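Notes follow the structure.
What's counted below: heavy atoms across the whole structure, side chains too, no hydrogens, waters or symmetry copies. Keep in mind the model is a prediction, meaning the values are calculated, not measured.
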Amino acid sequence: QVQLVESGGGLVQAGGSLRLSCAASGRTFSSKALGWFRQAPGKEREFVAAINWSGVNTDHADSVKGRFTISRDNAKNTVYLQMNSLKPEDTAVYYCAADKYYLSTYAATTTDEYDYWGQGTRVTVSS
């Protein structure tokens, strides 16, 4: 079992930065790929970024490439999402998730590959 708690969301002006954190509990954290997804009002949840268990492999959605960076610290059981050059269209609730696999070299990008989800943290970017 993995329990996930996100933090770091808030209100920021366009062009600003935020760093989201997701703290995990559970002995299997370091064996899991982790992902960030977001959901804007009236829209489906969408993939943002993912990182495999070792941190060697990452993937980022085209919409955030060059602006967002996912990273993890297995010693602290935490995954991060550094968000720079924020745009109003980045406004959403951001969720972290842990995948259903074990020591996968792949950084999963679809919601059905994730078993564990946090409660979400809201990010609002004003223009």
Side-chain angles (χ1 to χ4, degrees):
Q1 284 280 4
V2 178
Q3 294 181 322
L4 304 166
V5 179
E6 302 96 335
S7 61
L11 174 64
V12 64
Q13 288 188 331
S17 297
L18 283 174
R19 188 175 82 155
L20 305 184
S21 299
C22 176
S25 62
R27 293 180 296 174
T28 59
F29 171 84
S30 60
S31 70
K32 297 288 186 183
L34 301 166
W36 286 98
F37 292 77
R38 66 187 181 187
Q39 189 165 17
K43 295 187 177 181
E44 293 188 353
R45 193 169 296 189
E46 65 174 1
F47 168 73
V48 176
I51 187 166
N52 81 315
W53 70 274
S54 66
V56 169
N57 293 321
T58 63
D59 199 355
H60 296 77
D62 287 344
S63 60
V64 306
K65 278 182 181 176
R67 301 188 298 123
F68 292 10
T69 303
I70 189 171
S71 62
R72 67 187 294 163
D73 185 339
N74 285 345
K76 295 183 178 179
N77 275 16
T78 303
V79 61
Y80 305 98
L81 185 68
Q82 178 66 44
M83 306 188 296
N84 299 327
S85 302
L86 282 160
K87 304 176 181 180
E89 51 264 44
D90 294 319
T91 295
V93 176
Y94 284 71
Y95 299 90
C96 72
D99 79 346
K100 63 176 65 175
Y101 308 118
Y102 179 72
L103 296 180
S104 173
T105 57
Y106 168 65
T109 62
T110 60
T111 56
D112 60 359
E113 295 178 283
Y114 287 84
D115 272 351
Y116 307 99
W117 294 83
Q119 83 291 347
T121 186
R122 186 174 301 275
V123 172
T124 303
V125 184
S126 63
S127 57

(request) Taking the side chain as every heavy atom from C-beta outward, state whether V123 and L18 have any atom pair closer than 4.5 Å. (result) yes

(message) Distance check, rounded to the nearest 0.5 Å: L4 atom CG versus S25 atom OG?
(response) 7.5 Å

(message) Nearest 0.5 Å, please: how far is CZ in R38 from CZ in R45?
(response) 13.0 Å

(request) Answer yes or no: is there an ion pair linking E113 with K100, defined by an N-O contact shorter than 4.0 Å? (result) no

(request) For the pair N52 (side chain) and A33 (backbone), establish whether a donor and an acceptor sit closer than 3.5 Å, ignoring hydrogens and angles. (result) no

(message) Which residue is it: V64, T109, T111? I am looking for the one with a side-chain contact (heavy atoms from CB on, under 4.5 Å) to F47.
(response) T109

(message) A side-chain contact here means heavy atoms from C-beta on lying under 4.5 Å apart; do W36 and V79 qualify?
(response) yes

(message) Quick one, H60 and V48 - any side-chain contact, counting heavy atoms below 4.5 Å?
(response) no

(message) Could you tell me if the side chain of Q119 sits less than 4.5 Å from the side chain of E6, heavy atoms only?
(response) yes

(request) Report yes if some heavy atom in the side chain of W53 is under 4.5 Å from a heavy atom in the side chain of K32; otherwise report no. (result) no

(request) Step through it carefully: locate the ring centre of W117, locate the ring centre of F37, and say whether they are under 6.0 Å apart. (result) yes

(message) Does this structure show an ion pair linking R67 with D90, if we count only N-O contacts that are shorter than 4.0 Å?
(response) yes

(request) Compare every heavy atom of V2 with every heavy atom of A98, then report the nearest pair and how far apart it is. (result) CB-CG1, 4.3 Å

(request) Report the distance from atom OH of Y116 to atom CG of D99, rounding to the nearest 0.5 Å. (result) 10.0 Å

(message) Run the side chain to side chain contact (heavy atoms under 4.5 Å, CB included) test on V93 and T121 for me, step by step, so that the C-alpha distance in whole Å, both residues' side-chain angles and the decisive distance to 0.1 Å come before the verdict.
(response) CA-CA 5 Å; V93 176; T121 186; over 6 Å; no

(request) Kindly compute the distance separating OG (S31) from CG (L103), expressed to the nearest 0.5 Å. (result) 5.5 Å

(message) So T105 and N57, do their side chains get closer than 4.5 Å, heavy atoms only?
(response) yes

(message) Looking at F29, I'd like to know if the NZ or CZ of R72 sits under 6.0 Å from its six-membered ring centre while staying within 45 degrees of the ring's axis.
(response) yes

(request) First locate atom OH of Y95, then atom OH of Y114, and finally report the distance between them rounded to the nearest 0.5 Å. (result) 16.0 Å

(request) Indicate the atoms forming the closest heavy-atom contact of P88 with S127, along with that distance. (result) CG-CB, 3.8 Å

(message) Is there a side chain to side chain donor-acceptor pair (under 3.5 Å) between T78 and D73? Walk through the geometry before answering.
(response) CA-CA 5 Å; T78 303; D73 185 339; over 6 Å; no

(message) Do V12 and T124 have side chains that approach each other closer than 4.5 Å (heavy atoms only, starting at C-beta)?
(response) no

(request) Decide whether a cation-pi geometry holds between R122 and Y94; the criteria are a distance under 6.0 Å from NZ or CZ to the six-membered ring centre and an angle within 45° of the ring axis. (result) no

(request) Tell me, please, whether Y80 has R19 positioned over its six-membered ring: NZ or CZ under 6.0 Å from the ring centre and within 45 degrees of its axis? (result) yes

(message) Donor-acceptor check, side chain of S63 to backbone of A61, threshold 3.5 angstrom: yes or no?
(response) no

(request) Identify the two heavy atoms, one from T91 and one from V125, that lie closest to each other, and give their separation to 0.1 Å. (result) OG1-N, 2.9 Å

(request) Evaluate whether atom CD of E89 has more than 12 neighbouring non-hydrogen atoms of other residues, nucleotides or ligands under 6.0 angstrom away. (result) yes

(request) Heavy atoms only: give me the nearest L81-A49 pair and the separation to one decimal. (result) CD1-CB, 4.1 Å

(message) Within this structure, what is the OG1-CE distance for the pair T69 and M83, rounded to the nearest 0.5 Å?
(response) 11.0 Å

(request) Answer yes when D62 and K65 have at least one side-chain N-carboxylate O distance shorter than 4.0 Å, and no when they do not. (result) yes

(request) Of all the heavy-atom pairs spanning S126 and L11, show the shortest one and how long it is. (result) CB-CD1, 4.4 Å

